[in-house]
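One structure below.
Note that this is a predicted model, so its numbers are computed, not measured. Values below: all heavy atoms of this structure, side chains included; hydrogens, waters and symmetry mates excluded. By convention here, the first residue in the shown sequence is residue 1.
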Amino acid sequence: MAEAVPVRCPACLRENGYTVPVFPCACGSPVVPPLDLAAEPLPLTRRTWSQMWVTVRCGACGREGEWPHPEVGCASCGTVVRIPVHPVPAEPGAGSPGHPPHRPRPTPAHPTPDASGPGPGQGRSQGRGAAVGGAGGGPGHASPPAGRPAFRPLTIRTARDAVTTAALYLRWLGFQDVRRPDGRQVPSAAVDLRAPGLVAQVDPTTAPAGLRAVECVWLNGLTSCATSVYFALAGYTDEARIRADDLGIPLFVMDLTGMPQPVNDPADELLGTGA
């Protein structure tokens, strides 16, 4: 595993530890994005699907692939920053039979999150720090019990990947028989997940989840006498976070590496205790 590096938040100037994610190349070798720590991290204010990926060359076979762009959430103020990465250097003879470039931008087989919609993912609407058992990190979040194995993430390339990741994470927390409910679905950007004692929603769009979304999942949980949990790919508005704290709704934000991150104290508590 790569070593943690300090990343200074441009909003509050706090340093957060960040562990560079390691991705598997098609040849089997590990691929690590080359961080440009000399450049200033940039606050993430708008998500677009194309900018969520960065080209990285495998040092073993020379293959170029696109992987999730490194991001980290500040454990103090919640600002999410995008960490600069060194561009892939030009390689003499690239494109020759001996060095065929491979740049497989993911082609979703299912509808992808809307990259053209509004995406003002303000800093405080994002996760407070690291995902558990994976890349990224800073202080200020709970750790899973020692007996629980590390969560194995699923790289998110489509909206369906986001829903699958949330379902896998809920099972990892201890909820049994997590699935989408039967019957006709109410038209909504968010996707429902159900389990005994659980009502969850997953928002795979690129717009932050708002106050109404949090209140709806709370009402659904209240009606079913179940725990309510919310997952979002683009984080939450300040109003949604404040309301979730008042109602005790665990909020998680997912990055493209597939590692859900706790956003508020109820999420930290659920992460520490499990279902």
Side-chain angles (χ1 to χ4, degrees), residues 44-49 51-52 68 71 73 78 80 108 110-128 131 153-173 175 178-181 185-195 198-222 224 226-264 266-267 270-271:
L44 183 59
T45 57
R46 179 179 176 87
R47 288 182 183 272
T48 61
W49 193 252
Q51 293 178 349
M52 290 181 178
E71 300 173 2
V80 174
H110 310 288
T112 62
D114 181 12
S116 61
Q122 298 299 327
R124 290 182 60 81
S125 67
Q126 303 293 337
R128 66 177 68 190
L154 171 70
T155 301
I156 297 176
R157 290 187 171 92
T158 68
R160 181 170 294 186
D161 289 342
V163 177
T164 301
T165 294
L168 292 174
Y169 192 76
L170 289 168
R171 292 169 189 158
W172 178 75
L173 288 174
F175 293 99
V178 180
R179 58 185 176 83
R180 296 187 63 176
Q185 300 294 312
V186 178
S188 172
V191 179
D192 291 335
L193 291 175
R194 294 289 188 274
L198 170 72
V199 171
Q201 282 197 324
V202 185
D203 185 352
T205 67
T206 55
L211 175 63
R212 183 178 179 182
V214 169
E215 291 182 337
C216 284
V217 75
W218 172 72
L219 288 173
N220 289 337
L222 191 65
S224 304
T227 300
S228 300
V229 183
Y230 206 99
F231 293 85
L233 189 63
Y236 304 85
T237 63
D238 287 343
E239 293 81 4
R241 288 187 60 174
I242 293 172
R243 188 60 170 156
D245 288 340
D246 293 339
L247 299 174
I249 305 298
L251 302 181
F252 292 89
V253 66
M254 298 182 293
D255 59 23
L256 295 181
T257 63
M259 292 299 301
Q261 304 178 25
V263 171
N264 57 0
L270 178 61
L271 176 59

Inset, instruction - Output yes when a side-chain donor or acceptor of Arg241 lies under 3.5 Å from a complementary backbone atom of Asn264, and no otherwise. - result: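 No; judged by distance alone, with no hydrogens or angles, the pair does not exist.
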Legend entry - Any donor-acceptor pair under 3.5 Å from Ser228 side chain to Val217 backbone: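 Yes; judged by distance alone, with no hydrogens or angles, the pair exists.
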If you define the side chain from C-beta out and look only at heavy atoms, does anything of [X] sit under 4.5 Å from [Y]?
X      : Y      : answer
Arg171 : Leu168 : yes
Tyr169 : Leu271 : yes
Asp161 : Thr155 : no
Arg194 : Val199 : yes
Asp245 : Pro266 : yes

If you round to the nearest 0.5 Å, how far is [atom2] of [Y] from [atom1] of [X]?
X      : Y      : atom1 : atom2 : answer
Ile249 : Thr227 : CD1   : OG1   : 9.0 Å
Gln261 : Met254 : CD    : CE    : 11.0 Å
Arg179 : Leu193 : CZ    : CG    : 10.5 Å
Leu170 : Thr165 : CG    : OG1   : 11.0 Å
Leu154 : Thr257 : CG    : OG1   : 10.5 Å
Asp203 : Leu233 : CG    : CG    : 8.0 Å

Legend entry - Criterion ring pair (Phe, Tyr, Trp, His ring centres under 6.0 Å) against Phe252, the qualifying member of Trp172, Phe231, Tyr230: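 Checked Trp172, Phe231, Tyr230 against Phe252; only one passes ring pair (Phe, Tyr, Trp, His ring centres under 6.0 Å): Phe231.
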Closest approach of [X] and [Y], non-hydrogen atoms and distance?
X      : Y      : value
Pro262 : Ala267 : CB-CB, 3.7 Å
Leu211 : Thr237 : N-OG1, 4.1 Å
Pro153 : Gly258 : CB-O, 3.3 Å
Leu251 : Ala240 : CD1-O, 4.3 Å

Legend entry - With sequence neighbours excluded, residues passing side-chain contact (heavy atoms from CB on, under 4.5 Å) with Leu222: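 side-chain contact (heavy atoms from CB on, under 4.5 Å) list for Leu222, sorted by chain: Trp218.
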Inset, instruction - For Glu239, check salt bridge (Lys or Arg N to Asp or Glu O under 4.0 Å) against everything at least two apart and list the hits. - result: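 Testing Glu239 for salt bridge (Lys or Arg N to Asp or Glu O under 4.0 Å), a comparison that skips the adjacent residues, returns none.
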